[in-house]
Amino acid sequence: MLARGHEDWQDSLAELRQTDAKLAKSLTAEAAKSGAQKLLPALFGNSPYLTQLACAEPAAMLRLLQQGPDAAIAEAEAALNAAAKAAEQPEDLMQPLRQAKRRFALIIACADIAELWPLERVTGALSAFASRATDIAMAALLREAAGRGEIVLPHPDEPCKGSGFVALGMGKLGAHELNYSSDIDLIMLFDQEVAHYTGRKSALECFVRLTQGLVKLLSERTADGYVFRTDLRLRPDPGSTPVVLSMAAAETYYESFGQNWERAAMIKARPIAGDIEAGTGFLARLTPYVWRKNLDFAAIEDIHSIKRQIHAHRGHAEIAVEGHNLKLGRGGIREVEFFAQTQQLIAGGRDSRLRAPATIAALNALVATGRLEQAVCDALTEDYIYLRKVEHRLQMVNDEQTHTLPDNAAGIAAIAAFLGEPSADAFRKKLLATLTRVKTDYDQLFAEAPNLGSSQGSLVFTGADDDPDTLATLTRLGFTAPPEIAAMIRGWHFGRYRAMRSERAREKLTAIMPNLLEAFSRTGSPDTAIQFFDRFLARLPAGVQLFSLLQSNPLVLDIMAELLAAAPHLADTLADNPALFDSLLEYASTPPDYAPERLQASLARQLGSARDFQDVLDWTRRWTNELRLQIGIGLLRGNLDGETAGQHLSHVADTVLVELFRHVHAEFAQAHGHVPGEKIALLGMGRLGSRQLTLDSDLDLILLYEHGAKAEQSDGTRPLSPNLYFTRLCQRFINAITAMTGEGRLFEVDMRLRPSGNAGPIASTLDGFAAYQREEAWAWEHMALTRARVVFGPAAFAKKIEALRLSILSAPRDAAKLLHDVADMRQRLLSAKPGNSPWALKQWRGGLVDLEFIAQYLQLRHGNKHPAVLDPNPLAALALLAKAKCLPQAQAGKLIHAGRMMGSLLAAARLAGEAAEKPEQWPPALARRLPGLFGAEDLAALTAQLQAAQQDVLAAFIALIETPAAAK
């Protein structure tokens, strides 16, 4: 390297002699006298990058050797200022800025290597050049914008002054501590009260373009290199905000949502370019945010979580040399910085002497205020300076923003040589001693630090960057896209959702995050769970109470995680209505009781304080949805089978329909009164009638009524004829069930089973219903009537309706015609709705429709001689048919077993929402959980069980209906 460097150097001198022989001769002679024999080999033998700079800028190198770094810097500054003055447009600065960067980088590196400047002077010179380069670029961009008529500049000769456009330098740039190959961290702001925008669009759009232009001038690589890599991610919520913010927006963010790591970052913030006065005013207004008088010690835990990112890279949790990260590793630079910063954050609000941005100054301030012993300060200062020196040598080799030592002996020996250490072993010994002292001092400061990780590893979501160890932990927890998950969680901490806008909520979320993610991991579908949790948070009005509840109730946390991961139907319900979360707590704390009398009392209490009919609509929906959610959880966790869940859901529906009709009728009667002798009953059909509701069942309803023979109109202030009265009352009732309110919809309603279907009246007299059923109804309508029951109505009227039902169903029938009608009806259904897989549990051959047709056919055929078989529940009916010897006992047993299995699968599959009939689209957690509820090893085995049961049903259907019908 040294030999090649000398060759390139000589070539560069030869070129310089050709362009300016006199200057070359003078500078070369002086350089020889000044000891170039020592400095140049240090560059050429250790740093390809510095060799390249020296050869690209031979005149600057010679001037440095001749006159020293101060004079060389002054000359480089003068050349940059001249170029800035001569530039007519921003693009004219691309080359001068990059040439200046080469010169400054070369001069500062040599001053560092030769130990002509102390650390503060080295980092200060790097920071000063970054500030000046940024200011020159901003001035040119502002001048161009003014030329376009977009901005009025109060001081055209000093474009930045009074412009309202400012760059805040953050981190090491803000503290005058920039390292050799550092990015520059900027927050770009404009003061809407100062900036005079005169363009056609908006001030924000203008300053966004200016910021984008600034990034291009500084960061874009050309043949001349680049100036500085520019990072704008320390601005408020960088994932959802533009690259530049108004000061008003930034102040609102920090005062409302600012996090402790952002307060830590603001310790070092300073206006480095642009309108310095506007930037200084902005930081002054943020003083109460950065320097809090009283600090909640929960916030100190959060401050400590920032430090956990020191351990971000696997393998750097312990002190080492090969491969050790000098910045983030144990005993590294960041530990010295945080040793000072954490104490500044805790006490700086009460003692302004602690508000020093620079690390060494902050350590001295801790001594001055009696918070640190002088000996510890001296040791930490010495160690910090040495670590920064090693860091700079690492970066000088190839101009890489690296903090990691080589991972092999040869690389360590090379860095030791560049540092001027006597040997690699001596370097190792010195570095290990330095790292150990820093680690010891830092650990003593945080001896009682909280555990902010998971049993699987670190979980830290502080700052704007991904924490590599956290990403590894998320991978171990089963998340498939850790960077997206980390970004989502950081978004929560940025207060993007209403529930996260209080500091207390964010602290609580930080505390439960490990348990939350581990709970999601245990479900087997963590990605699904966290996506639904994100939707849930987005709709949650406040977070503190929820997070506190989850922290103190691990069972609730597990139930929620299971629900979000395995039951999209329930997860959607919860996400759309976070108020239902209370039912999770109730489910976890109290065994649910779905006895009808308990349900009636519960709903009566709920509606007892309803202020108006709108409250009735909302509260009946909330009550019903809470119970639906609890029943769904019971299905998911295996505490309920499908048959029991159907009964519970039907009891819930009965209860809410009774109570809702009572209120609808009372509301209706206020205007229209009552019809003399009125009797009203609701007939539940289908799954409501057989008490086999699922989570998403609609309701098949028929409303029946009677009134006094002489009644001509109702007795209210706005009387109606009986037919119109009951029709409108029924419409009002159906609307109350189906209307969408803020709490959602109660049920979908299907009234096609009423006489004459959709063409018939919406409410029927009992006599009209009886006449229709006896004289006009089709066989399929009598089949539907087998599953009918009275949900509510006066006892005598309900008894009369049930007697009518039994009378119609037990009437003598033509057996051959009945057989043909049933077979024909099934064929029509198959043509209209053929099932596409065994998991189309109703329509697939051998599915629930075939089973129900068998039960209904046999009920109608044998009801005349055995009226006891006319139970509305098909499975109960099959058992009664077997008891009456209308069906072989073995065949009945197979059908009942298949019906129970398919009913339970239907209920559980509804947890998958729209994918209920497509197991391949189920959440993995549901696909794994469901087979176990039925004693199957996996989904394939469960499907095989299902198909075997369906074959039994199909065989019975063919034997009992299809074959005999074809023969006749």
Side-chain angles (χ1 to χ4, degrees), residues 685-687 689-692 700 752-753 773-774 776-789 805-835 841-900 902-903 906 949-968:
M685 310 288 286
R687 288 191 164 272
S690 60
R691 290 193 171 91
Q692 293 176 305
D700 294 298
R752 290 174 295 176
L753 292 179
Q773 290 289 341
R774 288 192 173 110
E776 300 180 46
W778 296 74
W780 68 264
E781 291 177 285
H782 286 174
M783 291 169 67
L785 197 61
T786 64
R787 297 175 74 182
R789 67 179 175 87
R805 186 184 81 92
L806 295 175
S807 170
I808 292 166
L809 296 179
S810 60
R813 297 179 188 275
D814 182 330
K817 184 177 186 307
L818 174 64
L819 186 64
H820 178 270
D821 287 346
V822 172
D824 181 64
M825 186 63 193
R826 182 66 183 111
Q827 191 57 48
R828 287 172 181 270
L829 283 177
L830 278 173
S831 299
K833 293 183 177 180
L841 293 163
K842 291 183 179 180
Q843 305 300 339
W844 186 252
R845 291 311 315 266
L848 287 167
V849 171
D850 278 339
L851 184 140
E852 290 162 3
F853 268 49
I854 292 170
Q856 290 162 0
Y857 162 69
L858 293 174
Q859 284 178 295
L860 293 177
R861 180 170 178 176
H862 299 289
N864 178 252
K865 293 183 178 180
H866 303 282
V869 303
L870 297 173
D871 191 286
N873 185 292
L875 300 185
L878 288 169
L880 292 169
L881 285 161
K883 183 177 180 181
K885 302 190 184 309
C886 301
L887 183 68
Q889 190 70 48
Q891 194 173 45
K894 288 182 178 180
L895 291 173
I896 292 170
H897 168 74
R900 283 181 175 150
M902 287 189 286
L906 180 73
Q950 289 170 334
Q951 284 300 314
D952 288 338
V953 174
L954 181 57
F957 186 88
I958 292 171
L960 293 169
I961 298 173
E962 201 166 282
T963 299
K968 295 182 181 181

Next on the checklist: With rounding to the nearest 0.5 angstrom, report the CG to OG1 distance, Leu858 to Thr786.
Outcome noted: 11.0 Å
Checklist entry - Does the side chain of Val822 come within less than 4.5 Å of Phe853's, by heavy atoms? => result yes
Checklist entry - Which atom names give the shortest non-hydrogen contact between Asp871 and Ala877, and what distance separates them? => result O-CB, 3.9 Å
Item to check | Spacing of CG belonging to Asn873 relative to CZ belonging to Arg687, to within rounding of 0.5 Å | outcome: 9.5 Å
Checklist entry - Where is the tightest heavy-atom contact between Arg813 and Leu860, given as atom of each residue plus distance? => result CD-O, 3.4 Å
Checklist entry - CE of Met825 to CD1 of Ile961: how many Å apart, nearest 0.5 Å? => result 13.0 Å
Item to check | Considering all heavy atoms, the nearest Pro964-Ile958 contact | outcome: CD-O, 3.6 Å
Checklist entry - Distance-only, no hydrogens or angles: does the Arg787 side chain make a donor-acceptor pair with backbone N or O of Met685 under 3.5 Å? => result no
Checklist outcome for this item: When every non-hydrogen atom of His782 is compared with those of Ala777, the smallest separation belongs to NE2-CB, 3.6 Å
Checklist entry - Is it the case that more than 12 heavy atoms not belonging to His866 sit under 6.0 Å from its NE2 atom? => result yes
Checklist entry - Does Leu954 reach the side chain of Asp850, with side-chain heavy atoms less than 4.5 Å apart? => result yes
Item to check | Min side-chain heavy-atom separation Leu878-Leu851 under 4.5 Å | outcome: yes
Checklist entry - Any side-chain heavy-atom pair from Leu906 and Lys842 closer than 4.5 angstrom? => result yes
Next on the checklist: Check whether Arg774 reaches the backbone of Ile808 with its side chain - one donor and one acceptor, N or O, closer than 3.5 Å.
Outcome noted: no
Next on the checklist: Between Asn864 (side chain only) and Ser810 (backbone N and O only), is there a donor and an acceptor less than 3.5 Å apart?
Outcome noted: yes
Checklist entry - Would you call His862 and Lys885 a side-chain contact if the rule is heavy atoms closer than 4.5 Å? => result no
Checklist entry - Quick one: OH on Tyr857 to CG on Leu819, what's the gap to the nearest 0.5 Å? => result 4.0 Å
Next on the checklist: If you define the side chain from C-beta out and look only at heavy atoms, does anything of Gln891 sit under 4.5 Å from Leu960?
Outcome noted: yes
Next on the checklist: So which atom in Ala868 and which in Leu880 form the shortest heavy-atom distance, rounded to 0.1 Å?
Outcome noted: O-CD1, 3.2 Å
Checklist entry - Just by modelled atom types, is the Gln773 backbone N or O under 3.5 Å from a matching donor or acceptor in the Glu781 side chain? => result no
Next on the checklist: Measuring from atom CD of Gln889 to atom NZ of Lys883, what distance do you get when rounded to the nearest 0.5 angstrom?
Outcome noted: 10.5 Å
Next on the checklist: Ignoring hydrogens, what is the shortest heavy-atom contact between Ala898 and Val953? Give both atom names and the distance.
Outcome noted: CB-CG2, 3.5 Å
Checklist entry - Roughly how far, to the nearest 0.5 Å, is the CG atom of Asp814 from the NE2 atom of His820? => result 11.5 Å
Next on the checklist: I'd like to know if the side chain of Arg861 and the backbone of Ala815 have a donor-acceptor N/O pair within less than 3.5 Å.
Outcome noted: no
Item to check | Student check: side-chain heavy atoms of Met783 and Glu852 closer than 4.5 Å | outcome: no
